[in-house]
There are 2 protein chains.
Amino acid sequence: MELKELIKRHNLRPTSNRLEVLKFYRKAGKAVSHGELDAELGEQFDRITLYRTLKAFEDAGILHKVYDEKGIVRYSMCSHDCDNTQHQDNHIHFHCTSCEATFCIENVEIPQVQIPQNLIVESRYMVINGTCNNCKRA
Amino acid sequence: MELKELIKRHNLRPTSNRLEVLKFYRKAGKAVSHGELDAELGEQFDRITLYRTLKAFEDAGILHKVYDEKGIVRYSMCSHDCDNTQHQDNHIHFHCTSCEATFCIENVEIPQVQIPQNLIVESRYMVINGTCNNCKRA
DNA sequence: TTGCAAATGCAACAGTATTGCAAATAATTC
DNA sequence: GAATTATTTGCAATACTGTTGCATTTGCAA
């Protein structure tokens, strides 16, 4: 079970809570909100613990935050190994307006843009809304 | 006072509440959250009324929603006349990580991107985080 | 196996947002 | 201009999301 290793590598203790959460995220293959996580693991673990687990994973660089157009916060597994100093989630996110799923499009970089005023750019965030392949068929 | 006309044109009644809210948004020149609006006009108008006013303006196409990286919902005046069926806010938003201001960069379109899977694209949303000119000086 | 730091569960609380309903206000018709 | 109708507003209640403090438990290392 390499999830245990992943957690340890980021200087966190591999508790049963964290292992289950991470297992769920890996299985999900899409961004998952605290609410969705709680619906799945709420019987087993405390609501607040799940909040703290998500925060710990984000700080450690195991999960990264994703926002959809409605401002809903979700988390998704980092594909590259991020750390506590910097996330490398410089890819586009896709949000399906039909099933509300949000997932990362790992191999597409967010394009550079030319900004008129001389503002200092630190990071870029981009979401594409549309219909995913599942919902397209239906 | 052409704000009255603007409201009427979108089939809403130009009440004092709505006129004040719109006046505030025009003056602000940046995206404003409900909380910020309430801090300014909360003495005069009810908190819930302000929520409903924002919603009404959004539905009517007078304001459009803006999200920053923390998932905070703000509203900004639509430069082009939108309507209740579609918003045309296809421009980039800039968020200053120092003063937390968010504003529209009207004249820069969100770039097209090539998406690998055959997903159906409906709209694109982009936020650039950085430092605004005000905070740069400081 | 003992001692310490990290992690968890529970309770309380804070902030944001929505809904129902009655009262007030604006627009419409006569 | 008065009466009628529909919209808008304020208040109360409620729901959802997220955070903090503290006592207890758990994991890890000496």
Side-chain angles (χ1 to χ4, degrees), chain A residues 1 3-24 31-63 65-75 84 100 102, chain B residues 1 3-24 31-60 62-75 84 100 102:
Chain A
M1 181 59 88
L3 287 180
K4 201 164 183 169
E5 286 312 309
L6 175 62
I7 294 174
K8 275 190 177 174
R9 202 161 57 233
H10 290 273
N11 296 316
L12 293 175
R13 294 186 178 174
T15 63
S16 69
N17 166 42
R18 288 175 175 167
L19 283 168
E20 286 301 312
V21 169
L22 217 48
K23 199 162 78 182
F24 182 68
V32 176
S33 68
H34 171 267
E36 293 161 331
L37 182 67
D38 188 53
E40 190 76 15
L41 299 178
E43 302 272 311
Q44 231 180 121
F45 304 106
D46 192 75
R47 202 174 61 90
I48 288 99
T49 301
L50 294 176
Y51 271 117
R52 287 194 266 227
T53 302
L54 292 176
K55 178 132 190 16
F57 281 165
E58 192 200 3
D59 290 346
I62 296 174
L63 298 179
K65 263 189 183 166
V66 185
Y67 303 95
D68 73 5
E69 211 181 40
K70 300 205 190 83
I72 293 175
V73 176
R74 287 175 230 258
Y75 292 87
N84 59 342
E100 300 285 315
T102 302
Chain B
M1 180 60 86
L3 286 181
K4 202 167 184 170
E5 287 310 310
L6 176 62
I7 293 174
K8 276 191 177 175
R9 202 162 56 233
H10 290 273
N11 297 314
L12 293 174
R13 294 185 178 176
T15 63
S16 70
N17 165 42
R18 288 175 177 167
L19 283 167
E20 286 301 313
V21 169
L22 216 48
K23 198 162 79 182
F24 182 67
V32 176
S33 69
H34 171 269
E36 293 161 332
L37 182 66
D38 188 53
E40 190 75 15
L41 299 177
E43 302 271 310
Q44 230 179 120
F45 305 106
D46 192 75
R47 203 174 61 86
I48 287 98
T49 301
L50 295 176
Y51 273 117
R52 287 194 265 228
T53 303
L54 293 175
K55 177 130 189 19
F57 281 165
E58 193 201 3
D59 289 346
I62 295 173
L63 298 179
H64 66 263
K65 265 188 182 165
V66 184
Y67 302 96
D68 74 3
E69 210 182 39
K70 299 206 191 81
I72 293 176
V73 176
R74 287 174 230 257
Y75 291 86
N84 59 344
E100 301 285 314
T102 301

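Per chain, numbering begins at 1; letters A, B, ... match sequence-line order.
- Under the side-chain contact (heavy atoms from CB on, under 4.5 Å) criterion, B:E36 pairs with B:V32, B:S33, B:R74, not counting sequence neighbours.
- Nearest to the side chain of B:T53, among D:dG18, D:dT9, C:dT8, sits D:dT9.
- Side-chain contact between A:T53 and A:T49 is present, with at least one heavy-atom pair separated by less than 4.5 Å.
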Give me, pair by pair, the N or O atoms of the protein and of nucleotides 1-6 of chain C that are less than 3.5 Å apart, along with how far apart they are.
residue : atom : partner : partner atom : Å
C:dA6   : O4'  : A:R13   : NH1          : 3.4
C:dA6   : O4'  : A:R13   : NH2          : 3.4

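- Taking 4.5 Å as the limit, some side-chain heavy atom of B:L54 sits within range of a side-chain heavy atom of B:H34.
- Nearest-nucleotide assignment on DNA chain C puts the 5′-proximal partner with B:V73, out of B:S16 and B:V73.
- With contacts defined as side-chain heavy-atom distances shorter than 4.5 Å, the pair A:R52/A:I48 qualifies.
- Closest heavy-atom contact between A:G61 and A:H10: O-CE1, 4.2 Å.
- Looking at A:K8 and A:L12, their side chains never come closer than 4.5 Å, going by heavy atoms from C-beta outward.
- Side-chain N/O atoms of B:T49 include one lying less than 4.0 angstrom from OP1 or OP2 on D:dG10.
- Toward the 5′ end of DNA chain C lies the nearest nucleotide of A:Q44, the other residue of the pair B:K8 and A:Q44 mapping further downstream.
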Nucleotide N/O to protein N/O under 3.5 Å, stretch nucleotides 11-15 of chain D:
residue : atom : partner : partner atom : Å
D:dC11  : OP2  : B:D46   : OD1          : 3.4
D:dC11  : N4   : B:R52   : NH2          : 3.3

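- Sorted by first then second residue, the salt bridge (Lys or Arg N to Asp or Glu O under 4.0 Å) pairs that include residues 41-50 of chain B, not counting sequence neighbours, number zero.
- Looking at A:E58 and A:K65, their side chains come closer than 4.5 Å, going by heavy atoms from C-beta outward.
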**OP:** Report the C-alpha separation of B:R18 and B:F57 in whole Å, then their side-chain angles, then the decisive distance to 0.1 Å, and conclude whether the side-chain contact (heavy atoms from CB on, under 4.5 Å) test is met.
**Re:** CA-CA 9 Å; B:R18 288 175 177 167; B:F57 281 165; 3.6 Å; yes
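- B:I7 places its CD1 atom 11 Å from the P atom of D:dT8, with the value rounded to the nearest Å.
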**OP:** Taking Watson-Crick and G-U wobble pairs with both distances under 3.5 Å, convert DNA chain D into its dot-bracket string, 5' to 3', dots for unpaired and | for cross-strand pairs.
**Re:** ||||||||||||||||||||||||||||||
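- For B:E20, the side-chain contact (heavy atoms from CB on, under 4.5 Å) partners at least two apart in sequence or on another chain are B:K23, B:L41, B:Q44, B:F45.
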